[in-house]
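Just so you know, ligand 1 is whichever comes first in the structure, and atom 1 is the first atom listed for that ligand.
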Amino acid sequence: MTTQATSPSVGTAAARRREQAVRAAVEQGLAGPDAPIVALLDTTGIRAAAAALRAAFAAVTDAPVLHAFAVKACPLVPVLRLLRAEGLGAEVASPGELALARAAGVGPADTVLDSPAKTPADLREALDLGIAVNADNPQELARLDALIEASPIASPIGLRVNPQLGAGSIDALSTATATSKFGVALLDDGAREWVVRAYAERPWLTRLHTHSGSQGVALSLMARGVRVAYELAEEINAAVGHRQVDTLDIGGGLPVNFGSDEETPTYAAYAHLLKEEVPGLFDGRYGLVTEFGRSLLAKHGLVVARVEYAKRSGGRPIAVTHAGVQIAARTVYAPASWPLRIEAYDAKGRLKQGPAVAQDIAGPACFAGDLLAENRPLPLLEQGDYTAVLDTGAYYFAHHYSYNSLARPGIYGFAETPEGIRFAPVRTPQPIEDLVVEAGGAHAEALL
Ligand SMILES: *Cc1c(COP(=O)(O)O)cnc(C)c1O
């Protein structure tokens, strides 16, 4: 038994909204026998997170700050549009993400393109639109040299550096290791001198970018990464004799608490730590860009799944539900790194009471490891009950994995109104015909 095994409803406002939303989803038929899995987004919670981010930085600096939401974390147009209404921009890392940001109306001045593998066409599109680009490596800078020589640009251009500070607790998400694939590795032989020279030779190189945090990375390590970037900017500006680097992009990566409803660490705590560790960052000489993703959305999304069957195997109770690897690939394949809280609801969508019984919460896919939790103590789930898989607003249901050709579930935003919970469609459930088209249905005869 682990401590996060139970689902502590600590009575926060977010927990109360969630319980009402599950109940309403069942009562209104968004979840039911014919809709055995549905994803929900707490609009109020998302707005509050965006406001908290802006307030945290506004409290420590008067410098202009663009908070560019990392589209990767929740690539849904209505979410990007909501965040835009809350004053956020977009960090994009592919032509697809750029198209989503544009569909949400995010303007070029509020968009940043990062990606380790931009093609010449990707770069040209970004420069044509005038959106900011962070180059990853010397070869990409050379491509930019050629494009900029051919025609003048409006885009601010930066270079991504890797401070090589070491890993957090999840290797696959640690961006600042000695051998990370991202950015220019600053501690490698001659790298720092090369970077300073690269700026001296390119007056249009005016930004500096680092992104060293992620789930499993301590705030202190993140702040050290930002300090390395700040000190490098100071060194470059001293070397060229004027303030050529005018904007620091400090990335995202605030870790998220998946163990309870408490939102910790907070943006305010991180901004204060940065102010202590890197005071010059906030004194107004640099514009700032942030790129938070997971921390803005994770705790404001959940998946509601019907218990299709409740069975026993080897004496162990197993709830066979409709939420598994297709919405939670990380949890299924790396359960120790990505445990998720699960709540038990009855067939009417009310939080289930009763003694905790250790049980497996299984998904619908045809492989044995498709479990969202093993031996999880919860009120015993029965056929027709529901589970709520919490904290799945980022990198979960918006990152569908089409194992077993399972259709993408519908996603609905919810908000409290005087008449009760109101839902708004964010993404409609994927029709089966759509799956056939995606699976080459138009080319059925192609291999004969
Ligand atoms: C993934 C990513 C982010 C967002 O990271 P989170 O952990 O979701 O906050 C920001 N910037 C870059 C360059 C990224 O690759």
Side-chain angles (χ1 to χ4, degrees), residues 46 49-50 52-53 56-57 65-76 79-80 83 88-94 96-98 100-101 110-118 122 126 131-137 140 158-163 167-177 180-184 207-219 221-223 225-226 229 247-258 263-267 269-271 274 288-301 330 337-338 391-396 398-399:
I46 297 170
L53 171 59
F57 279 78
V65 188
L66 168 65
H67 295 292
F69 172 65
V71 171
K72 174 183 63 184
C74 191
L76 296 166
V79 169
L80 304 180
L83 292 174
L88 273 57
E91 185 263 356
V92 301
S94 70
E97 289 183 357
L98 175 55
L100 300 188
D110 296 327
T111 306
V112 179
L113 173 66
D114 299 328
S115 135
K118 306 175 199 77
D122 297 344
I131 71 175
V133 176
N134 287 315
D136 180 85
N137 59 65
E140 191 179 338
L159 179 68
R160 178 167 182 173
V161 294
N162 168 13
S169 64
I170 305 174
D171 281 344
L173 265 68
S174 295
T175 55
T177 59
S180 161
K181 73 172 184 178
F182 295 113
V184 175
R207 290 189 171 188
L208 189 61
H209 176 218
T210 192
H211 167 66
S212 45
S214 192
Q215 193 63 21
V217 174
L219 290 195
L221 194 70
M222 292 173 60
V226 173
T247 301
L248 288 165
D249 181 337
I250 64 171
L254 198 75
V256 164
N257 168 28
F258 284 94
E263 290 188 42
T264 180
T266 60
Y267 292 118
Y270 183 46
L274 284 175
L288 296 170
V289 178
T290 74
E291 305 172 342
F292 294 100
R294 179 178 290 107
S295 53
L296 280 160
L297 258 297
K299 300 199 77 67
H300 312 300
R330 279 183 170 156
S337 294
W338 298 103
D391 306 326
T392 47
Y395 302 104
Y396 279 95
H399 292 62

[X] heavy atoms, cut-off 4.0 Å: which ligand 1 atoms fall inside?
{"X": "D114", "value": "13 (C)"}
{"X": "R294", "value": "6 (P), 7 (O), 8 (O), 9 (O)"}
{"X": "R160", "value": "13 (C)"}

Identity and separation of the nearest protein heavy atom to [atom]:
{"atom": "atom 10 (C) of ligand 1", "answer": "E291 O, 3.0 Å"}
{"atom": "atom 5 (O) of ligand 1", "answer": "H211 CE1, 3.5 Å"}
{"atom": "atom 14 (C) of ligand 1", "answer": "K72 NZ, 3.1 Å"}
{"atom": "atom 8 (O) of ligand 1", "answer": "Y395 OH, 2.6 Å"}

Do [X] and [Y] have side chains that get closer than 4.5 Å, going by heavy atoms?
{"X": "L296", "Y": "I46", "result": "no"}
{"X": "L53", "Y": "L254", "result": "no"}
{"X": "T247", "Y": "L66", "result": "no"}

Taking both backbone and side-chain atoms of G293, is any N or O found less than 3.5 Å from an N or O belonging to ligand 1?
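N/O-N/O distance below 3.5 Å exists for this pair.
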
When you compare ligand 1 with G253, is there at least one nitrogen or oxygen pair between them that comes in under 3.5 angstrom?
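N/O-N/O distance under 3.5 Å: yes.
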
Rounded to the nearest 0.5 Å, what separation is found between the CG atom of L159 and the CG atom of L208?
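Here the rounded value is 7.0 Å.
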
Gap between atom CZ of R207 and atom CZ of R160 - 0.5 Å precision:
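Answer rounded to 0.5 Å: 15.0 Å.
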
Please tell me whether H211 and F182 form a close aromatic pair, meaning their ring centres lie under 6.0 Å apart.
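Between H211 and F182, the centre distance exceeds or equals 6.0 Å.
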
Side chain to side chain contact (heavy atoms under 4.5 Å, CB included) between V226 and Y270: does it pass, once the steps are laid out?
CA-CA 11 Å; V226 173; Y270 183 46; 3.7 Å; yes

